[in-house]
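Notes follow the structure.
Quick note: residue numbers are just sequence positions, from 1.
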Amino acid sequence: MVELYADGACKGNPGPGGWGVLLRAGISERELFGGEAETTNNRMELTAVIRGLEALRGQCRVAVYTDSQYVQKGISEWIHGWKRKGWRTAGRKPVKNDDLWKRLDTLAAGHHVDWHWVRGHAGHAGNERADALANRGVPRGKQANRT
């Protein structure tokens with residue numbers, strides 16, 4: 001069983017953003033983070049989970065913890081309708097961030113994933129660490145020009 005804590009951060013929306021992941025399996029832990037110069041908070045929330053799932057070796061049971069209802073509800077509820085409607089919303093508009101949703105859907109299919117929403121900034125240790133990692137990933141100054 002792997003616990004995956006994921007969070008995104010954005011300084012401006014859009015603006016420079018970061019993603020952070022804490023992976024925990026038993027007593028082993030791994031931290032991941034990165035960012036983009038121009039992005040949105042929702043893209044960073046999705047990217048965090050994607051990067052965490054990409055880091056796993058082999059099929060496993062994963063408990064994903066996110067403070068993003070966009071990610072949690074999107075992957076466990078909304079995605080089924082989007083796929084049936086050709087990646088369109090109920091209002092027949094293209095799904096935003098469909099490139100990331102498709103990647104997440106593919107990665108999640110390779111594991112047994114339980115999706116959990118946690119309240120952000122409420123003292124949940126795993127979420128707080130993922131938040132700190134996401135903020136470390138936000139490009140600053142001259143680094144903001146890197147991708």
Side-chain angles (χ1 to χ4, degrees), residues 1-85 87 89 95-147:
M1 173 62 128
V2 175
E3 293 176 328
L4 190 162
Y5 299 90
D7 202 9
C10 206
K11 307 304 179 190
N13 199 17
W19 55 268
V21 176
L22 171 63
L23 292 167
R24 188 179 290 150
I27 61 169
S28 298
E29 291 185 345
R30 183 173 176 197
E31 295 180 338
L32 308 167
F33 64 92
E36 296 179 17
E38 188 69 15
T39 189
T40 65
N41 190 66
N42 283 342
R43 287 190 69 81
M44 291 295 91
E45 295 283 359
L46 284 163
T47 299
V49 180
I50 289 167
R51 295 292 184 244
L53 290 174
E54 287 175 340
L56 300 176
R57 295 194 176 109
Q59 186 179 37
C60 55
R61 184 175 187 97
V62 186
V64 175
Y65 296 90
T66 176
D67 63 7
S68 169
Q69 289 190 0
Y70 174 69
V71 171
Q72 192 272 328
K73 287 182 186 256
I75 196 66
S76 60
E77 297 175 26
W78 307 331
I79 198 166
H80 309 295
W82 295 338
K83 289 164 63 173
R84 274 194 316 272
K85 295 173 185 161
W87 293 97
T89 66
V95 171
K96 291 181 182 178
N97 305 311
D98 68 327
D99 58 326
L100 297 177
W101 284 114
K102 289 173 185 176
R103 179 72 180 137
L104 180 56
D105 187 40
T106 299
L107 287 166
H111 303 283
H112 179 86
V113 182
D114 295 315
W115 300 95
H116 303 277
W117 178 79
V118 296
R119 184 172 303 283
H121 311 288
H124 189 283
N127 180 254
E128 296 294 337
R129 283 183 59 191
D131 179 68
L133 290 165
N135 280 293
R136 280 179 62 188
V138 177
R140 289 169 174 50
K142 292 182 182 179
Q143 287 183 329
N145 295 324
R146 287 189 324 177
T147 55

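None of W82, W78, W87 except one satisfies the ring pair (Phe, Tyr, Trp, His ring centres under 6.0 Å) rule with W101; the exception is W82. When each of E77, R84, K83 is checked for a side-chain contact (heavy atoms from CB on, under 4.5 Å) with H80, only R84 meets the rule. Of the candidates V113, I50, N97, I50 is the only one forming a side-chain contact (heavy atoms from CB on, under 4.5 Å) with L104.
The shortest heavy-atom contact between R24 and G26 is CG-O, 3.8 Å. In this structure, D7 and A134 approach most closely via the heavy-atom pair O-CB, 3.5 Å. For E45 against G8, the heavy-atom pair with the smallest separation is OE1-N, 3.3 Å. In terms of heavy atoms, G15 sits closest to C10 at O-SG, 3.7 Å. Here the closest heavy-atom approach between residue V2 and residue C60 is recorded as CG2-SG, 4.1 Å. Nearest heavy-atom pair across A48 and G20 is CB-O, 3.7 Å.
The closest donor-acceptor contact from the side chain of W117 to the backbone of D67 lies under 3.5 Å. Within the 3.5 Å criterion, the main-chain N or O of G17 finds no donor-acceptor partner in the side chain of E36. Judged purely by atom type and a 3.5 angstrom limit, N13 uses its side chain to pair as donor or acceptor with the backbone of N41.
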Please report the C-alpha distance between Y5 and D131 in whole Å, then the side-chain angles of each, then the deciding distance to 0.1 Å, and finally whether the side chain to side chain contact (heavy atoms under 4.5 Å, CB included) criterion is met.
-> CA-CA 9 Å; Y5 299 90; D131 179 68; over 6 Å; no
Determine whether H112 and V62 satisfy the following criterion, side chain to side chain contact (heavy atoms under 4.5 Å, CB included), listing intermediate values before the conclusion. CA-CA 6 Å; H112 179 86; V62 186; over 6 Å; no
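Note on R129 versus E29: salt bridge recorded, some NZ/NE/NH1/NH2 to OD/OE distance being below 4.0 Å.
Contact annotation: the side chain of L4 approaches that of V21 to within less than 4.5 Å [non-hydrogen atoms, C-beta and beyond]. Within the 4.5 Å cutoff, the side chain of R61 has heavy atoms near those of the D114 side chain. Residues W19 and L32 form a side-chain contact, since some pair of their non-hydrogen atoms from C-beta on lies under 4.5 Å apart. Residues L46 and Y70 form a side-chain contact, since some pair of their non-hydrogen atoms from C-beta on lies under 4.5 Å apart. Side-chain contact between T47 and L100: present, with at least one pair of heavy atoms (C-beta onward) separated by less than 4.5 Å. Using a 4.5 Å cut-off on side-chain heavy atoms (C-beta onward), N127 and R119 make no contact. Side-chain atoms of V49 and L107, non-hydrogen and from C-beta on, never get closer than 4.5 Å to each other. Using a 4.5 Å heavy-atom cutoff, the side chains of H111 and L53 are in contact.
Annotation: the span from E31 atom CD to L23 atom CG amounts to 10.0 Å, rounded to 0.5 Å. R103 CZ to R51 CZ: the interatomic distance, rounded to the nearest 0.5 Å, is 8.0 Å. Rounded to the nearest 0.5 angstrom, M44 CE and T39 OG1 are separated by 3.5 Å.
Under the 30°/60° scheme for interplanar angles, the aromatic rings of H116 and Y65 are found to lie parallel.
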